[in-house]
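FYI, side chains are in, hydrogens and waters are out, and symmetry mates aren't considered; it's all heavy atoms of this structure. Sequence positions, counted from 1, serve as the residue numbers for this chain. Computed from a predicted model, the values in this text were never measured in an experiment.
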Amino acid sequence: MEQDVNTQGEPETGIALRSYSGADPFKSVPAVLGGERFAFTQERLSEALLQANAITAEQLSSATQVIARSPGRRFMDVVLEKVDDQAAVQAVVAHCAAMRFEELDFDKIESVKQLEALGADFCLKHGVIPIRPYGSRLLLGVVHADDLIIVDEAQVKLGQSIKTVLVTPDDIAATIDMYREGSAVSEEIAVDEIIGDIDEDDVEIVENEEEDLDLDKDQAGSSPVIRFVNYLIYNAVKEGASDIHIEPQEKKLQVRYRIDGVLFDAMNPPGHMKNAIVSRLKIMANLDIAERRIPQDGRIRAMVHGRKLDLRMSTLPMVSGEKVVLRILDTRSIQVNLDDLGMSEDMLQMWKHQIKQPHGIVLVTGPTGSGKTTTLYSSLNQMDRQKLNISTVEDPVEYHLGGINQTQTHESIGMSFAGALRALLRQDPDVIMVGEIRDGETSKIAIQASLTGHLVLSTLHTNDAPSAVTRLINIGVEPYLIGTALNAVVAQRLVRKICDHCKEQAPPDDHIAEHLAMQGVAIDQVWGGKGCDKCRNTGYSGRVGLYEMLLLNDQLRDRIAGNPNVTEFRRMCIEGGMVTLRQDGFQKVAKGQTTVDEVLRVTEASV
């Protein structure tokens, strides 16, 4: 086994590699650290990381304190958890260990046999990843430069000689994730064959003792209805759906997926399957399968494509049977950096400034499904969770965030938003996120919290940003309190992005050209999607946000105290320079991100 690697002239097979492309971290690293392989201590490595600016003194101090209180933990594991740029840290470590550091490129994975031989769980647990053939040997990525025992174990498992390079744990996790997504449904399920022998009697009423249902394990040897329900969930996650709608009709069953905010027909199984499918889903969600007259709500925790997902289930009695909607809650969907939400550069900087304020209220408004939760969670992730006590009150808690105290409301036992918020204020919070301001009591407590030195983030259901002010007044908050406490309001919508694979220039018709001319967008800047297999022939793939930000100044605060009507107040905001949702949408049309039709579709009510 050798540690030094020279990959120049290697064939581009397997996982492609590239050298670290960031700023050179080695210029100020003491030369003595590279002298003896693995002979450096924690202190000497800390010195190298500091001198290379790969870690701050504060991060290093925090990591050292954690190590002192956590016997058995590796120093580098804690350091890699603390830093934002793992690549910079591993590049320094590689230099000190006389190794080569590489970043993984996940576009293609051909070393599947070696990965299967080691096992994905083994790779994640021990921080290793087979990369590609290197002559007669295998190039193996490792997280720990000094863990020779694991490298030897991998060599025995694979039965071939190994060369090692240093990689980041995030790169390994992302590679394994992509591998699992590609292989989890590699064998297509014959839906017609499953449907053919389904009968209602196939449903077995059993108590599920496991917290998480593993759909991979549940697939083999199961009854047709179980396999079919698993297929519905598998396929929805594979297609990137956010919701599954199972809708009974007189003689058939309609299954639809919501993808990028729009419903698509997925399949139409025979109507006699409806009771069997609903019963199976109720069993998975621990609901009463005998009760079909009233709505029921439940939650399913499942392993899908190798990762844990929560599915929020809601049933509703209809004329032809029970309709079921499953909301797919994937933690990865909220792990979006603020920079990637789609805000303009100016608006992004203003928003980052607002969420750093020591007190006040910041609101995000928009209809259901407009991305409000993602914006708030991305904002919370931007904050320093080590120094701040960040607490949330939500109904329900859809996503679990590390380092943040999350509280679930329970209206049936009196644990309302207002009650939970009162309790939180006795918990010494710095930042409070309220899932939604629904009533006067909650809004008044939130206002008082902001006036007593807390930053409060929340959502409100209004069509635009100025309407948030009149909405708060209508639910009973005194106008002068709103003017004092409110810092900013962001209204948002989500529009579908043009598919990158079939993007082409699309000359607009006369009606669209008129809208473009009013917004100052040139006709030759208009793009559209032709439609391809990658986007289900829709011409759209993914979504981007449209934003309207209202920042309160002294003039607007004075006007709020006079209880303005929404039309007058909106006019004042626009005259003060506020960019509207539609204007932001046409800016994204000019950049080729979306289409005029999409902008008009989601901003019709906020012209």
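- With hydrogens and angles ignored, the 3.5 Å screen pairs a side-chain donor or acceptor of D171 with a backbone N or O of L104.
- When the shell of 6.0 Å around NZ of K588 is examined, it contains more than 12 heavy atoms from other residues, nucleotides or ligands.
- In this structure, the side chains of D430 and I390 stay at 4.5 Å or more apart for every pair of heavy atoms.
- Atoms CD and CE, on Q354 and M549 in that order, are 7.0 Å from each other to the nearest 0.5 Å.
- Ionic pairing of D597 and R601 is not present here: no N-O contact between side-chain nitrogen and carboxylate oxygen is shorter than 4.0 angstrom.
- Here the closest non-hydrogen pair linking P295 and P317 is N-CD, 3.8 Å.
- Judged purely by atom type and a 3.5 angstrom limit, H454 uses its side chain to pair as donor or acceptor with the backbone of A449.
- Without hydrogens or angle criteria, K372 side chain to G366 main chain gives a donor-acceptor distance under 3.5 Å.
- By the 4.5 Å heavy-atom criterion applied to side chains, V526 and Q505 are not counted as neighbours.
- In this structure the side chain of L253 reaches within 4.5 angstrom of the side chain of I246, judged on heavy atoms.
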**OP:** Go through the steps to decide whether L472 and L460 satisfy the test side chain to side chain contact (heavy atoms under 4.5 Å, CB included), and finish with yes or no.
**Re:** CA-CA 9 Å; L472 290 173; L460 205 61; 4.2 Å; yes
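- Pairs passing the side chain to side chain donor-acceptor pair (under 3.5 Å) check and including a residue from residues 467-488, sequence neighbours excluded, read D464-S467.
- Counting heavy-atom neighbours within 6.0 Å of K352 NZ, excluding the residue itself, gives a total above 12.
- The shortest side-chain heavy-atom distance between L494 and L546 does not fall under the 4.5 Å cut-off.
- Under the salt bridge (charged side-chain N to carboxylate O under 4.0 Å, His left out) criterion, D384 pairs with no residue, sequence neighbours left out.
- Among I437, L363, V434, L376, the one residue that satisfies the side chain to side chain contact (heavy atoms under 4.5 Å, CB included) test with T459 is L376.
- Residues R327 and D243 are paired through a salt bridge, judged by an N-O separation under 4.0 Å between the basic side chain and the carboxylate.
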Original post:
Do T594 and W527 pass the side chain to side chain contact (heavy atoms under 4.5 Å, CB included) test, and can you show the C-alpha distance, the side-chain angles, and the key distance before you say yes or no?
Top reply: CA-CA 8 Å; T594 189; W527 294 77; over 6 Å; no
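- Residues V599 and F586 are in side-chain contact: their nearest non-hydrogen atoms beyond the backbone lie under 4.5 Å apart.
- Minimum interatomic distance between C502 and G539 (heavy atoms only, all atoms of both residues): SG-CA, 4.2 Å.
- At distances below 3.5 Å, not a single donor-acceptor pair connects side-chain atoms of S378 with backbone N or O atoms of T375.
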Subject >> Audit row: L457, M383, side chain to side chain contact (heavy atoms under 4.5 Å, CB included) steps and yes/no >> reply: CA-CA 12 Å; L457 284 71; M383 299 176 181; 4.2 Å; yes
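- With sequence neighbours left out, the side chain to side chain donor-acceptor pair (under 3.5 Å) criterion links Q448 to no other residue.
- Within the 4.5 Å cutoff, the side chain of T407 has no heavy atoms near those of the S391 side chain.
- Using a distance-only test at 3.5 Å, with no hydrogens or angles considered, a donor-acceptor pair links the side chain of K274 to the main chain of S320.
- Qualifying salt bridge (charged side-chain N to carboxylate O under 4.0 Å, His left out) partners for K323, counting only residues two or more places apart in sequence or in other chains: E247.
- Listed by first then second residue, pairs satisfying side chain to side chain donor-acceptor pair (under 3.5 Å) with a partner in residues 341-351 read E345-Q349, W351-S379, not counting sequence neighbours.
- To the nearest 0.5 angstrom, E394 atom CD is 3.0 Å from Y377 atom OH.
- Atoms CD1 and CG, on I361 and L455 in that order, are 9.5 Å from each other to the nearest 0.5 Å.
- With sequence neighbours left out, D265 forms a side chain to side chain donor-acceptor pair (under 3.5 Å) with Q254.
- A 4.5 Å side-chain heavy-atom check between T580 and I574 finds at least one atom pair inside the cut-off.
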**OP:** Would you sort out whether N405 and T392 count as a side chain to side chain contact (heavy atoms under 4.5 Å, CB included), showing the intermediate values?
**Re:** CA-CA 6 Å; N405 308 295; T392 73; over 6 Å; no
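- For residues 434-452, the pairs satisfying salt bridge (charged side-chain N to carboxylate O under 4.0 Å, His left out) are D395-R438, R422-E441, E436-R438, with sequence neighbours left out.
- Separating the CD1 atom in I445 from the OG atom in S450 is a distance of 12.0 Å, to the nearest 0.5 Å.
- Here R258 pairs with nothing under the salt bridge (charged side-chain N to carboxylate O under 4.0 Å, His left out) rule; sequence neighbours left out.
- Note that CG of L326 is 12.5 Å distant from CZ of R299, once rounded to the nearest 0.5 Å.
- Judged by distance alone, with hydrogens and angles left aside, the side-chain atoms of Q593 form no donor-acceptor pair with the main-chain N or O of V589 at under 3.5 Å.
- Looking at residues two or more places apart in sequence or on another chain, you find a salt bridge (charged side-chain N to carboxylate O under 4.0 Å, His left out) between R571 and E575.
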Subject >> Trace of the salt bridge (charged side-chain N to carboxylate O under 4.0 Å, His left out) decision for R496 with E598 >> reply: CA-CA 7 Å; R496 292 181 292 173; E598 276 294 289; 3.1 Å; yes
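- Considering all non-hydrogen atoms of both residues, L401 and Q406 come closest at N-OE1, 2.8 Å.
- Residues satisfying the side chain to side chain donor-acceptor pair (under 3.5 Å) criterion with T595, sequence neighbours excluded, are Y540.
- Once rounded to the nearest 0.5 Å, the distance linking CG of L348 with CG of L341 reads 8.0 Å.
- Pairing each heavy atom of P479 with each of N563, the nearest pair is CG-CB, 4.3 Å.
- For the salt bridge (charged side-chain N to carboxylate O under 4.0 Å, His left out) condition, the pairs that include at least one residue of residues 553-568, sequence neighbours left out, are R559-E568.
- Of all non-hydrogen atoms in A236 and I328, the two that sit nearest each other are CB-CD1, 3.9 Å.
- When the side chain to side chain donor-acceptor pair (under 3.5 Å) test is applied to K503, no partner is found at least two apart in sequence or on another chain.
- Contact check on R493 versus D584 returns no salt bridge, with no Lys/Arg side-chain nitrogen under 4.0 Å from an Asp/Glu carboxylate oxygen.
- Donor-acceptor pairing under 3.5 Å is lacking for the side chains of E548 and Q492.
- Under the 4.5 Å side-chain criterion, counting only non-hydrogen atoms from C-beta, D310 is not in contact with I300.
- The two residues I259 and G240 have their closest heavy-atom pair at CG2-O, 4.2 Å.
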